[in-house]
2 protein chains.
Amino acid sequence: MRDVAATAGVSLKTVSRVVNDEPSVREETAQRVRDAIERLAFAPNELASSLRRGRAGAIGLVIEDLANPFYSGLASAVEQVADEHGHLLLIGSCGEDAARERELVVRFLRRAVDALLLVPAGGDHSYLLSESGAGVPLVSLDRFASGIELDTIVSDNRGGARAAVDHLLAHGHRRIAVVADRPSVWTWQERIAGYREALGAAGLGEGDRIERTAATADEAQAAVAELLALPQDERPTALFTGNNRITVGALHARHAAGAQTALVGFDDFELADLLRTPVTVVRQSAAEMGRVAAEIAYARLDGEDGPPSHRVLPCELVIRGSGEIAP
Amino acid sequence: MRDVAATAGVSLKTVSRVVNDEPSVREETAQRVRDAIERLAFAPNELASSLRRGRAGAIGLVIEDLANPFYSGLASAVEQVADEHGHLLLIGSCGEDAARERELVVRFLRRAVDALLLVPAGGDHSYLLSESGAGVPLVSLDRFASGIELDTIVSDNRGGARAAVDHLLAHGHRRIAVVADRPSVWTWQERIAGYREALGAAGLGEGDRIERTAATADEAQAAVAELLALPQDERPTALFTGNNRITVGALHARHAAGAQTALVGFDDFELADLLRTPVTVVRQSAAEMGRVAAEIAYARLDGEDGPPSHRVLPCELVIRGSGEIAP
DNA sequence: ATGAAAGCGCTAACAA
DNA sequence: TTGTTAGCGCTTTCAT
């Protein structure tokens, strides 16, 4: 930049003005500077600029697993909003590991990201209180973070789960199993609660619950294989699978067992309509969630204050066949 | 950091040494500094550190579309390698837009990323020659960048395409249509070339080619719907779909038309085995590609020199049913 | 083993 | 409209 200034015969600050499109530079001067920039192939250092300004020109996103379509859809929406604001996007996956999540959060904040969005893994998040003293907008997506009040946007997990199980009940099922994520995760709690509420409303009690957990598609496949191998009078006639990974595992197990067990999954997925038995799902929109979360963050950056906001996005039951199989 | 130094009664430099785990600090001094860090809740500013060091502690990845499972799988693998090296990951999608790609590349370089991986969109990439003068390792994934020689890692697109079409030919097909991506993209050229080679080797000529392009699943669905609506003596009896988006679109069109047209797709996808007609595909590994590309970048950072390297990963034909349907 | 001084490349604040 | 000065928070170099 010094070289550009010398070449153009102006001061450093004038070059800075031109680079940043500040007004109040005479057009003729600006042109001279632009020529010099061109000739020297000058590229400003955004790191230095960020340091001086105290703003990074980037936002951070911490998710569980970039390879999971739910999270990549979410990330894609966040990316788009960031881009509209001229920001770059730092992404990190923590794989439901609280320690790793914290590490990523800390590193992002140390890079002075302008805002931080995260899908909180299980565990206490009060550490965010001190980490974010700096006033960096913090938004929680998909789940509530425990131990701290943040701007949060989630799907109506409980309502969606209840709709799924109600649907199965309405089709005559009484032995309905749920396979869901780790209990430490907020979404799990909600989805399980929805399951129990629906059973309860149908007059079914604790003894009628069949609850399994699975963290991966493989674990889900194993769990469902076990369920389908139960003696007929204990075997569930219907499955409620608590997320997209679990649904995939369950479908494989169901296929391997040659079973026609009814199934409703949480999370829609591509080609669900073209499966051998088209899959009935509770749909939530990862993209919408990502978009809204990013917009909340930018509203905060824009000076919007007030207490942490909570947004709940509705879920939608998409009927395709697998949920309408009779017991 | 100044405050920490004052609190611990040492100089700035000593704090810096402790923060960076440099040796040659007496343990007792180090402990005093660590106490001060703790008490003041000091967090070093990575931006400042990066500026001074001239290295960002991050790498950049430019892909086409984060919401596409192929690219998110690739990104996930890159992320993992970056993490192993203590680096953060900047991601940007350019949606096959050359101008947007360049913008992202420039911004990443201005942030002094330590290495840059990119899936080159169509168009000339000689601009990279000047942009990367700084000696930042540049690796091209999934495609060759035209106009510049870069470390590049691709799948054997031509071989994979040829295997797909050979397979259809072996099952008696003679009117085989290909639906592939934009012609400006390197992978398209290779996959089309493989298609033509296979036809040629079977004694079929230009007149026997049925070639369509589609950039999205929707466009592919429309293109395939048209093909399937052709009079029977012109209608293709088999489809070779050139990427995962196109396969999805084609499957929908095929289903809507109630057709039993044979189909082999490029790119494997989840649940392909559980579709009504399980889908035969040519599988490539996005994860492997991402991992290897990142490792090449780190090898370069490690001082490895020599001319740009080319790595070609093999593809694998996965037989599931849709490719074995008779004409 | 520790510290002082200089400066990475830029922009904010103020001055001319 | 343009320039000067100071300094963002850290690390390098060199001295002690």
Side-chain angles (χ1 to χ4, degrees), chain A residues 1-34 36-37 40-58 86 88 106-114 133-136, chain B residues 1-34 36-37 40-58 86 88 106-114 133-136:
Chain A
M1 190 146 156
R2 204 174 37 230
D3 296 346
V4 173
T7 306
V10 297
S11 77
L12 262 185
K13 179 62 202 176
T14 299
V15 178
S16 170
R17 287 194 176 99
V18 172
V19 166
N20 293 293
D21 284 324
E22 284 176 38
S24 82
V25 177
R26 212 191 329 160
E27 178 48 34
E28 179 200 311
T29 316
Q31 195 51 55
R32 229 170 50 238
V33 171
R34 279 193 288 267
I37 286 176
L40 301 180
F42 165 76
N45 183 326
E46 278 196 27
L47 237 41
S49 162
S50 292
L51 175 60
R52 183 61 242 234
R53 295 178 136 118
R55 289 172 287 117
L88 296 180
V106 166
R107 288 206 62 188
F108 285 174
L109 292 175
R110 286 181 179 183
R111 291 199 83 85
V113 290
D114 293 306
V136 178
Chain B
M1 190 148 156
R2 205 175 35 228
D3 296 345
V4 173
T7 307
V10 297
S11 77
L12 262 184
K13 178 60 205 175
T14 297
V15 178
S16 170
R17 285 193 177 99
V18 172
V19 165
N20 293 294
D21 284 324
E22 284 175 38
S24 82
V25 176
R26 212 192 327 160
E27 178 48 32
E28 179 200 312
T29 317
Q31 195 51 56
R32 229 169 48 238
V33 171
R34 279 192 288 267
I37 287 177
L40 302 180
F42 165 76
N45 182 326
E46 278 195 26
L47 236 41
S49 159
S50 292
L51 174 59
R52 184 61 241 236
R53 295 179 138 117
R55 289 173 288 116
L88 296 181
V106 166
R107 288 207 61 188
F108 285 174
L109 292 175
R110 287 181 178 182
R111 290 198 83 86
V113 290
D114 293 303
V136 178

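Every chain is numbered from 1, with letters handed out A, B, ... down the list of sequences.
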Next on the checklist: Nearest to the A:R52 side chain among D:dT2, D:dG9, D:dC8, which nucleotide is it?
Outcome noted: D:dC8

Item to check | Shortest non-hydrogen contact between A:L47 and B:A112, atoms and distance | outcome: CD2-CB, 4.0 Å

Checklist entry - Which atoms form the tightest heavy-atom contact between A:V19 and A:I37, and what is the distance? => result CG2-CD1, 4.0 Å

Checklist entry - Do any N or O atoms from the side chain of A:S16 and from the backbone of A:L12 form a donor-acceptor pair under 3.5 angstrom? => result no

Checklist entry - Would you say A:R111 and B:S50 make side-chain contact, with heavy atoms under 4.5 Å? => result yes

Checklist entry - Taking all non-hydrogen atoms of both residues, which atom of A:A30 and which atom of A:V18 are closest, and how far apart? => result CA-CG2, 3.9 Å

Checklist entry - Looking at residues at least two apart in the chain, or sitting in another chain, which of them share a side-chain hydrogen bond (donor to acceptor under 3.5 Å, both in side chains) with B:E27? => result B:R34

Next on the checklist: Give me the atom names and distance for the closest heavy-atom approach of A:D114 to A:V136.
Outcome noted: O-CG1, 3.6 Å

Checklist entry - Can you tell me how far C1' of D:dT2 sits from CZ of A:R32, to the nearest Å? => result 11 Å

Item to check | Spacing of A:E27 atom CD relative to D:dT1 atom P, expressed in whole Å | outcome: 12 Å

Item to check | First-last contacting nucleotides on DNA chain C - partner chain A, under 4.0 angstrom, heavy atom | outcome: C:dG9 to C:dA13

Next on the checklist: Restricting to side-chain contact (heavy atoms from CB on, under 4.5 Å), what partner residues turn up for A:R107, sequence neighbours left out?
Outcome noted: B:E46, B:L88

Next on the checklist: Can you see if the side chain of B:N20 gets near the phosphate of D:dT11 - specifically, an N or O under 4.0 Å from OP1 or OP2?
Outcome noted: yes

Item to check | Separation of D:dC10 P from B:E46 CD (nearest whole Å) | outcome: 11 Å

Next on the checklist: Nearest 0.5 Å, please: how far is CE in A:M1 from NZ in A:K13?
Outcome noted: 7.5 Å

Between the protein and nucleotides 3-5 of chain D, are there any N/O to N/O pairs under 3.5 Å, and if so, what are the atom names and distances?
from	atom 1	to	atom 2	distance (Å)
D:dG3	OP2	A:S11	N	2.9
D:dG3	OP2	A:S11	OG	3.3
D:dG3	OP2	A:T14	OG1	2.7
D:dG3	N7	A:R17	NH1	3.3
D:dG3	O6	A:R17	NH2	2.9

Checklist entry - In degrees rounded to 10°, what angle is found between the helical axes fit to the five outermost pairs at each end of the helix from C:dA1-D:dT16 to C:dA16-D:dT1? => result 30°

Checklist entry - Any idea which heavy atoms bring B:V10 and B:T29 closest together, and the distance? => result CG1-CG2, 3.8 Å

Checklist entry - Could you state the CG-P distance from B:L51 to D:dT12, rounded to the nearest angstrom? => result 12 Å

Item to check | d(CD, A:Q31; P, D:dT1) in whole Å | outcome: 17 Å

Checklist entry - For B:R32, which residues count as a side-chain hydrogen bond (donor to acceptor under 3.5 Å, both in side chains) partner, sequence neighbours excluded? => result none

